Amino acid sequence: MSLNSAMRVSATGLTAERFRMDVISVNIANANSSRVNGKEPYRRRDVELIGDANGVKISRIVEDKGPFVMKFEPGNPNADAEGMVLYSNVEPVSEMVNMIGASRAYEANIAAFNAVKGMIRSALTIGKV
């Protein structure tokens, strides 16, 4: 692997992890959304990443088909006839754990990118007197 391809792999990792953090942020922002006007609440989304020799690519965004959270809130205007309100299937604590993982992966890609940049800088000074 050349130094240029190592930088490219790290750069694609940075892009993918940033996108993953954006999706996690949207999940957290919609954690308390409920069914309104008969529409389903927000479904948690997850990013599928694939890797190859050229780096990391975003394969697709997948909706979590897990069950929604149902709460008994008869005074809520979004409650059904039995007084149940359907809320999003996002668990904020799990999303924060995912955010920490994505953030650490982002930091690891920065470290790898900077290491390669340092190698290139050192290689350029080899011939200097």
Side-chain angles (χ1 to χ4, degrees):
M1 177 180 279
S2 71
L3 293 177
N4 285 338
S5 62
M7 288 181 85
R8 184 176 57 252
V9 168
S10 292
T12 61
L14 287 168
T15 302
E17 292 303 333
R18 177 62 195 182
F19 185 78
R20 191 171 148 222
M21 285 189 278
D22 289 343
V23 171
I24 293 168
S25 297
V26 171
N27 286 343
I28 292 170
N30 288 292
N32 292 322
S33 67
S34 65
R35 176 175 51 198
V36 179
N37 297 330
K39 292 183 181 178
E40 280 191 341
Y42 177 83
R43 281 199 177 272
R44 180 186 173 278
R45 290 173 173 81
D46 200 12
V47 178
E48 282 188 5
L49 303 176
I50 55 172
D52 59 16
N54 294 322
V56 181
K57 293 183 178 112
I58 298 162
S59 171
R60 61 187 177 137
I61 299 174
V62 181
E63 280 191 351
D64 184 353
K65 298 298 181 186
F68 292 118
V69 176
M70 293 187 74
K71 293 183 182 176
F72 182 68
E73 296 177 355
N76 190 320
N78 296 323
D80 61 11
E82 290 86 35
M84 300 301 285
V85 179
L86 205 59
Y87 284 99
S88 174
N89 62 350
V90 175
E91 294 181 32
V93 174
S94 297
E95 294 302 317
M96 288 306 298
V97 170
N98 291 338
M99 181 68 83
I100 290 168
S103 176
R104 297 276 165 84
Y106 188 86
E107 290 169 1
N109 279 299
I110 288 174
F113 189 88
N114 286 336
V116 172
K117 189 167 73 172
M119 286 183 225
I120 291 172
R121 191 173 292 139
S122 295
L124 291 174
T125 62
I126 289 174
K128 290 186 177 179
V129 178

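We count residues from 1, following the sequence as given. Values in this document were obtained by computation on a predicted structure and should not be read as measured data.
- When all heavy atoms are compared, the tightest approach of P92 to A31 is CG-CB, 3.9 Å.
- In terms of hydrophobic clustering, with Ile, Leu, Val, Met, Phe, Trp and Tyr side chains grouped at heavy-atom distances under 4.5 Å, V47 and V62 are assigned to different clusters.
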>> Apply side-chain contact (heavy atoms from CB on, under 4.5 Å) to residues N54 and T12 and explain how you reach the verdict.
In response: CA-CA 8 Å; N54 294 322; T12 61; over 6 Å; no
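- Looking at heavy atoms from C-beta onward, I110 lies in side-chain contact with L14 at the 4.5 angstrom threshold.
- With values rounded to the nearest 0.5 angstrom, M7 atom CE is found 4.5 Å from I120 atom CD1.
- I50 is not listed as a side-chain neighbour of V56, based on a closest heavy-atom distance of 4.5 Å or more.
- When all heavy atoms of A16 and L49 are compared, the pair lying nearest together is CB-CD2, 3.8 Å.
- By the criterion of side-chain heavy atoms lying less than 4.5 angstrom apart, applied directly or through intervening Ile, Leu, Val, Met, Phe, Trp or Tyr residues, F113 is grouped together with M119 in one hydrophobic cluster.
- Using a 4.5 Å heavy-atom cutoff, the side chains of I61 and F19 are in contact.
- Considering every non-hydrogen atom in both L86 and P41, the closest pair reads O-CG, 3.6 Å.
- S25 places a side-chain N or O within 3.5 Å of a backbone atom of M21 that can act as its donor or acceptor partner.
- Contact annotation: the side chain of R43 never approaches that of D64 to less than 4.5 Å [non-hydrogen atoms, C-beta and beyond].
- Considering only heavy atoms from C-beta on, R44 stays 4.5 Å or farther from E91 through its side chain.
- Taking CG of D22 as the reference point, atom CZ of R20 lies at 12.0 Å (rounded to 0.5 Å).
- Here the CZ-CD distance, from R104 to E17, works out to 13.0 Å after rounding to the nearest 0.5 Å.
- If you take CE on M84 and CG on N78, they are separated by 13.5 Å, rounding to the nearest 0.5 Å.
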> Can you list the steps and then say if M96 with V93 is a side-chain contact (heavy atoms from CB on, under 4.5 Å)?
Replying inline: CA-CA 5 Å; M96 288 306 298; V93 174; 5.8 Å; no
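- Atom CG of D46 and atom CZ of R60 lie 10.5 Å apart (nearest 0.5 Å).
- Hydrophobic cluster membership differs between V85 and F72, with clusters built from Ile, Leu, Val, Met, Phe, Trp and Tyr side chains linked at under 4.5 angstrom.
- Summarising the local packing, CG of N32 is surrounded by 12 or fewer heavy atoms from other residues, nucleotides or ligands at distances under 6.0 Å.
- Looking only at side-chain heavy atoms (C-beta outward), V26 and Y42 come within less than 4.5 Å of each other.
- Under the 4.5 Å side-chain criterion, counting only non-hydrogen atoms from C-beta, V90 is not in contact with N30.
- One hydrophobic cluster, built from ILVMFWY side chains closer than 4.5 Å, holds both V23 and I58.
- Residues R45 and N27 form a side-chain contact, since some pair of their non-hydrogen atoms from C-beta on lies under 4.5 Å apart.
- When hydrophobic side chains of Ile, Leu, Val, Met, Phe, Trp and Tyr are connected at separations under 4.5 Å, I100 ends up as a singleton with no cluster partners.
- Between the CG atom of L3 and the CZ atom of R8 there is a distance of 12.0 Å, given to the nearest 0.5 Å.
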